Each structure stands twice: as structure tokens, then as C-alpha cells.
Amino acid sequence: MGLTNKKRTTNNKRDIFSIALAAIVTVVIVVTLRILVFASFKIPSFSMEPTLYAGDFIVVNKLIPGPRIDFMGDNKAGRPYRLTGHRPIKRNEVVVFNDPYYKSREIIQNWNAYYVKRCVGMPGDSLRIDGGIYYINGQVNHINDKLVESSFRFQDMPPEYRIPGRFKELGWTIDNFGPIYIPGRGDTVSLDAINIHLYRPLIEYETGGKLNETEGSFFLDGQVIRHYRFKLNYYFMAGDRATDSKDSRYWGLLPEDHMVGKVAYIWKSKEPASNTYRFERFFKPVE
């Protein structure tokens with residue numbers, strides 16, 4: 001009887017050990033996949049309609065542009081480490097990224113605040129918006145059918161919503177904006193009274209310095225600067241619901257190190273008001 005109990009106790013210990021080991025392995029696999037492969041987010045607002053609805057749950061593919069490991073990287077420059085991805089982000093893809101201007105007019109690294117927008121402007125592009133129509137390098141962007149709302153919708157908006165604060169001195173509005181050049185890594189630009197409004201936060205983010213303008217001259221930490229060579233790629237992000245999206249028209253360009261990944265599909269959707277499932281949106285690809 002005693003031997004039987006001893007054997008049963010040994011078997012129970014082995015079972016507990018096996019269960020604990022399986023649980024640990026499962027947790028490690030799930031955490032690794034979430035860090036390196038995918039993430040899931042819930043859409044809270046209407047700024048990406050009709051592509052994404054409030055209450056959609058999306059899966060983000062981190063392999064495009066490559067998984068970012070925030071606790072690794074260049075500590076001196078404060079840059080996170082990114083593994084080589086399957087491919088870079090392409091024009092007009094829907095992307096999840098960290099809000100670069102979270103409660104600030106300066107670019108900061110807050111890896112807990114997320115946005116989802118469409119990447120309409122790429123490094124090296126010249127972009128302008130004319131009557132709500134996006135032009136890239138002088139050509140109409142073919143994605144405009146997703147971005148444009150009729151002009152009267154813009155005109156009916158209160159001025160404080162139509163005029164982006166960062167660019168108000170230039171007389172730009174959210175439906176008549178630019179032109180701007182979107183810099184890429186290695187690009188050198190000449191600073192002037194117009195582009196300083198766009199490039200000042202980017203230069204200060206990359207250098208950690210302070211860029212000032214005095215009587216038409218520019219000073220970076222007290223040193224005269226006429227040209228600047230960029231270290232990062234930048235992107236212009238836009239919401240599909242153009243009259244209800246706080247995007248690059250308001251806050252400027254997105255640094256590449258703030259990108260999380262490409263939105264792949266909607267895996268679940270619930271109507272916020274009624275809390276009912278929208279089954280027709282389950283596992284819907286995002287274009």
C-alpha cells in the first residue's frame with residue numbers, strides 16, 4: 001500500500017511538472033510571436049472609415065516592415081532596434097504606428113500610444129493636397145477614392161479644425177496643403193522659411209538639439225545651419241475619413257522608427273453601441 005502511494009505521488013509530480021513546462025513553453029511561444037510576428041489592436045474611432053470601423057479588432061503583421069524590439073538598440077541616440085523584415089511598407093498600405101507627437105509639439109518616443117492610418121507619402125515623394133485630392137510627384141494618387149470627401153464637407157468644418165496649428169502661418173488647410181518634400185535617409189535639404197515648419201521637429205528629434213530661427217538664419221544649438229542631412233526615413237500618414245482624422249496634415253511627418261507594422265486583416269468586429277458582433281467583417285483583409 002505504501003509503495004502504491006509513493007508511486008502515485010511520483011506520477012502526480014511528473015504530471016504537474018509536465019503541465020507547468022507546457023504552460024511555460026506556450027507562454028514563451030506566444031510572447032515571442034507577439035514581439036516578432038503579430039499584434040492585435042481594437043479600433044476606437046471613425047477616422048479610418050470605411051476601411052476600418054470603430055469596434056474592429058485588427059491583426060498587424062510586424063514582419064512588414066520588420067519587428068521592432070524597443071528595449072534594444074542605440075541607447076545613445078535612443079533608437080529602438082528593428083530586425084530585418086519581409087519587406088518595407090509600401091505606398092497606400094494601412095499601418096499601425098506610435099503617436100510621434102503624443103501631447104507634445106515635439107517628437108517623443110511613447111511606445112504605448114498607437115495610431116492607425118494609411119501611408120500615402122513615402123521617402124523621396126513631393127506631396128500636395130489640392131481640393132482634398134492627394135498628388136504625389138505631380139500625379140493624382142490612385143487611392144484618392146478612399147481618402148476624398150466632397151468639398152462642402154471640408155468647407156462646413158469650423159476653422160479651428162480645417163487649419164492645422166503647426167502650419168497655420170503658411171496658410172495651409174487640411175484640404176489645400178503643401179507642397180512638401182518627404183525626406184529619406186541620406187537626403188540633404190536646404191532650410192528656408194517654409195520648410196522649417198515641417199523639418200524643425202524632425203531635425204530636433206534626430207540631433208537632440210534645439211533649432212531656432214533669427215532674422216532668416218537658422219541655428220542648431222547656437223551653430224549656424226543652412227542644410228541638413230537626414231538620418232531616418234519619413235512618411236506622410238492620412239486617415240480615410242478625411243474630415244475626421246488627426247493625421248500628418250495636423251502634426252507632420254512620421255519617423256520610420258515609430259512604425260509597428262502593416263494591418264493585415266480584421267479578425268473580429270463588434271458594434272460599439274449595441275455590443276453585437278458584425279460577422280460579415282470577421283477575417284476581412286484590409287486593403
Side-chain angles (χ1 to χ4, degrees), residues 33-68 70 80 82 85-104 107-123 127 129 134 141 143-149 161 164 174 182 233-272 278 280-287:
L33 289 175
R34 287 186 61 85
I35 292 175
L36 300 179
V37 181
F38 70 89
S40 177
F41 298 91
K42 179 182 178 181
I43 302 300
S45 70
F46 306 97
S47 67
M48 280 298 293
E49 287 188 352
T51 304
L52 298 174
Y53 292 169
D56 284 347
F57 291 77
I58 57 174
V59 171
V60 174
N61 182 358
K62 291 186 174 184
L63 297 178
I64 304 173
R68 193 185 70 195
D70 297 339
R82 190 183 295 277
H86 173 61
R87 63 167 174 80
I89 294 294
K90 295 180 180 179
R91 188 190 319 284
N92 296 329
E93 290 185 325
V94 180
V95 177
V96 167
F97 56 94
N98 296 108
D99 179 3
Y101 299 92
Y102 182 73
K103 296 182 179 179
S104 172
I107 299 177
I108 59 175
Q109 292 183 347
N110 185 333
W111 304 139
N112 296 312
Y114 296 94
Y115 272 4
V116 57
K117 304 292 178 189
R118 192 176 296 277
C119 182
V120 299
M122 304 289 290
L127 178 147
I129 307 172
Y134 280 76
N141 186 355
I143 206 71
N144 271 289
D145 59 335
K146 290 182 178 291
L147 298 170
V148 175
E149 299 190 31
Y161 291 101
I174 60 173
I182 305 172
N233 290 318
Y234 292 89
Y235 301 83
F236 193 99
M237 314 302 293
D240 286 3
R241 188 172 179 175
T243 55
D244 188 22
S245 175
K246 293 296 176 69
D247 48 38
S248 285
R249 298 170 298 170
Y250 291 91
W251 40 257
L253 299 177
L254 175 72
E256 64 180 342
D257 59 5
H258 280 58
M259 284 191 168
V260 175
K262 176 190 176 297
V263 179
Y265 59 89
I266 302 162
W267 68 274
K268 182 175 74 171
S269 184
K270 295 182 74 172
E271 168 60 47
R278 294 180 289 217
E280 72 279 4
R281 297 185 64 78
F282 277 39
F283 301 105
K284 180 180 180 180
V286 174
E287 303 295 338

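In this text the structure is predicted, and so the values were computed from the model without any measurement.
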**Student:** Quick check: does any side chain N or O of R278 sit under 3.5 Å from a backbone N or O of S269, one acting as donor and the other as acceptor?
**Tutor:** no

**Student:** Does the side chain of F41 come within less than 4.5 Å of V96's, by heavy atoms?
**Tutor:** yes

**Student:** Could you tell me if the side chain of M237 sits less than 4.5 Å from the side chain of F97, heavy atoms only?
**Tutor:** yes

**Student:** Donor-acceptor check, side chain of R249 to backbone of I129, threshold 3.5 angstrom: yes or no?
**Tutor:** no

**Student:** If you look at every heavy atom in K117 and A238, which pair is closest and at what distance?
**Tutor:** CB-O, 3.6 Å

**Student:** Within a strict 4.5 Å, meaning less than it, do heavy atoms of the Y235 and M122 side chains meet?
**Tutor:** yes

**Student:** Please name the pair of heavy atoms, one in D247 and one in G239, separated by the smallest distance, quoted to 0.1 Å.
**Tutor:** OD2-N, 3.0 Å

**Student:** Check whether any side-chain heavy atom of I266 lies under 4.5 Å from a side-chain heavy atom of F282, and answer yes or no.
**Tutor:** no

**Student:** Look up atom CG in N110 and atom NZ in K103, then write down how far apart they are to the nearest 0.5 Å.
**Tutor:** 9.0 Å

**Student:** Once salt bridge (Lys or Arg N to Asp or Glu O under 4.0 Å) is applied, do any residues pair with E287, and if so which ones, sequence neighbours excluded?
**Tutor:** none

**Student:** Please report the closest heavy-atom contact between P65 and G261, naming both atoms and the distance.
**Tutor:** CD-CA, 4.0 Å

**Student:** For the OH atom on Y53, are there more than 12 heavy atoms of other groups (residues, nucleotides or ligands in this structure) within a distance under 6.0 Å?
**Tutor:** no

**Student:** Test your reading of the model: is there a side-chain donor-acceptor pair from R82 to the backbone of M259, 3.5 Å cut-off?
**Tutor:** yes

**Student:** Could you grab the distance from atom CD1 of I108 to atom CG of N98, nearest 0.5 Å is fine?
**Tutor:** 10.5 Å

**Student:** Do H258 and Q109 come within less than 4.5 Å of each other through their side chains, counting heavy atoms only?
**Tutor:** yes

**Student:** Could you list the residues that satisfy ring pair (Phe, Tyr, Trp, His ring centres under 6.0 Å) with Y101, not counting sequence neighbours?
**Tutor:** W251

**Student:** So how far is it from N61 CG to R87 CZ, rounded to the nearest 0.5 Å?
**Tutor:** 8.0 Å

**Student:** Find out whether T51 and V263 are in side-chain contact, i.e. whether some heavy atom of one side chain is under 4.5 Å from a heavy atom of the other.
**Tutor:** no

**Student:** Does any N or O in the side chain of R68 come within less than 3.5 Å of the main-chain N or O of D257, such that one atom is a donor and the other an acceptor?
**Tutor:** yes

**Student:** Any side-chain donor-acceptor pair under 3.5 Å between D244 and S47?
**Tutor:** no

**Student:** Closest approach of I64 and P88, non-hydrogen atoms and distance?
**Tutor:** CG2-O, 3.9 Å

**Student:** Side chain to side chain contact (heavy atoms under 4.5 Å, CB included) between L253 and F236: does it pass, once the steps are laid out?
**Tutor:** CA-CA 5 Å; L253 299 177; F236 193 99; 3.8 Å; yes

**Student:** I need the minimum non-hydrogen distance between I182 and Y234, along with the two atoms involved.
**Tutor:** CG2-O, 3.2 Å

**Student:** Within this structure, what is the CD1-CE distance for the pair I43 and M48, rounded to the nearest 0.5 Å?
**Tutor:** 8.0 Å

**Student:** Minimum heavy-atom separation for P285 to Y265, with atom names?
**Tutor:** CA-CB, 3.8 Å

**Student:** Got a second to check how far K270's NZ is from K42's NZ, nearest 0.5 Å?
**Tutor:** 7.5 Å

**Student:** Using ring pair (Phe, Tyr, Trp, His ring centres under 6.0 Å) as the criterion, list what pairs up with Y250, not counting sequence neighbours.
**Tutor:** none

**Student:** Quick one: are D240 and S245 in side-chain contact, heavy atoms under 4.5 Å?
**Tutor:** no

**Student:** Measuring from L63:CG to H86:NE2, what's the distance to the nearest 0.5 Å?
**Tutor:** 8.5 Å

